[in-house]
Amino acid sequence: FIHLSTEAQWRGTAARFFRGATDLVLLEVDESQVGPVKYEPADGQQFPHLYGPLSCGAVVAVRRFHVSADGAISEH
């Protein structure tokens, strides 16, 4: 499966797992164009998990960003 994050979750996920990383890419996915997506508990939240392929057509935006050593997100 592919672990996804909602718009409200991705910054926290990035800050937790990618501190100090540069040249990261966030893919914004149209959930109606993929399937099946199941919301499952992880770290006290419900995260979307994609059980199937992610087609390029489901990606509606690509955003570059990096995470500083202290977890701050900078989009560019």
Open item on the list: Determine whether Glu31 and Lys38 satisfy the following criterion, salt bridge (Lys or Arg N to Asp or Glu O under 4.0 Å), listing intermediate values before the conclusion.
Closed with: CA-CA 11 Å; Glu31 188 175 334; Lys38 294 175 64 178; over 6 Å; no

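Between Arg64 and Glu75, none of the side-chain N atoms (NZ, or NE/NH1/NH2) sits under 4.0 Å from a carboxylate O, so this pair counts as no salt bridge.
A side-chain donor-acceptor contact under 3.5 Å links Arg19 to the backbone of Ala15.
The six-membered or imidazole ring of Phe65 lies near that of Trp10, with a centre-to-centre distance under 6.0 Å.
Using modelled atom types, one finds a donor on one side chain and an acceptor on the other under 3.5 Å when comparing Gln45 with Gln9.
Just one residue in the list Val34, Val60, Ile2, Val37 forms a side-chain contact (heavy atoms from CB on, under 4.5 Å) with Val29, and that residue is Val34.
Going from atom NE2 of His49 over to atom CD of Glu40 covers 5.5 Å, rounded to the nearest 0.5 Å. A distance of 7.5 Å separates CG of Leu4 from CG of Leu54, quoted to the nearest 0.5 Å.
Within 6.0 Å of CZ in Phe18 there are 12 or fewer heavy atoms belonging to other residues, nucleotides or ligands.
Taken together through direct or relayed side-chain contacts under 4.5 Å among Ile, Leu, Val, Met, Phe, Trp and Tyr, Ile73 and Val25 form parts of separate hydrophobic clusters. Hydrophobic clustering of Ile, Leu, Val, Met, Phe, Trp and Tyr side chains at less than 4.5 Å, counting indirect connections, keeps Tyr51 apart from Leu27. Hydrophobic clustering, with ILVMFWY side chains joined whenever heavy atoms are under 4.5 angstrom apart, keeps Phe47 apart from Phe1.
Between Val62 and Leu26, every side-chain heavy-atom pair lies at or beyond the 4.5 Å cut-off. The shortest distance between side-chain heavy atoms of Asp43 and Arg16 falls below 4.5 Å.
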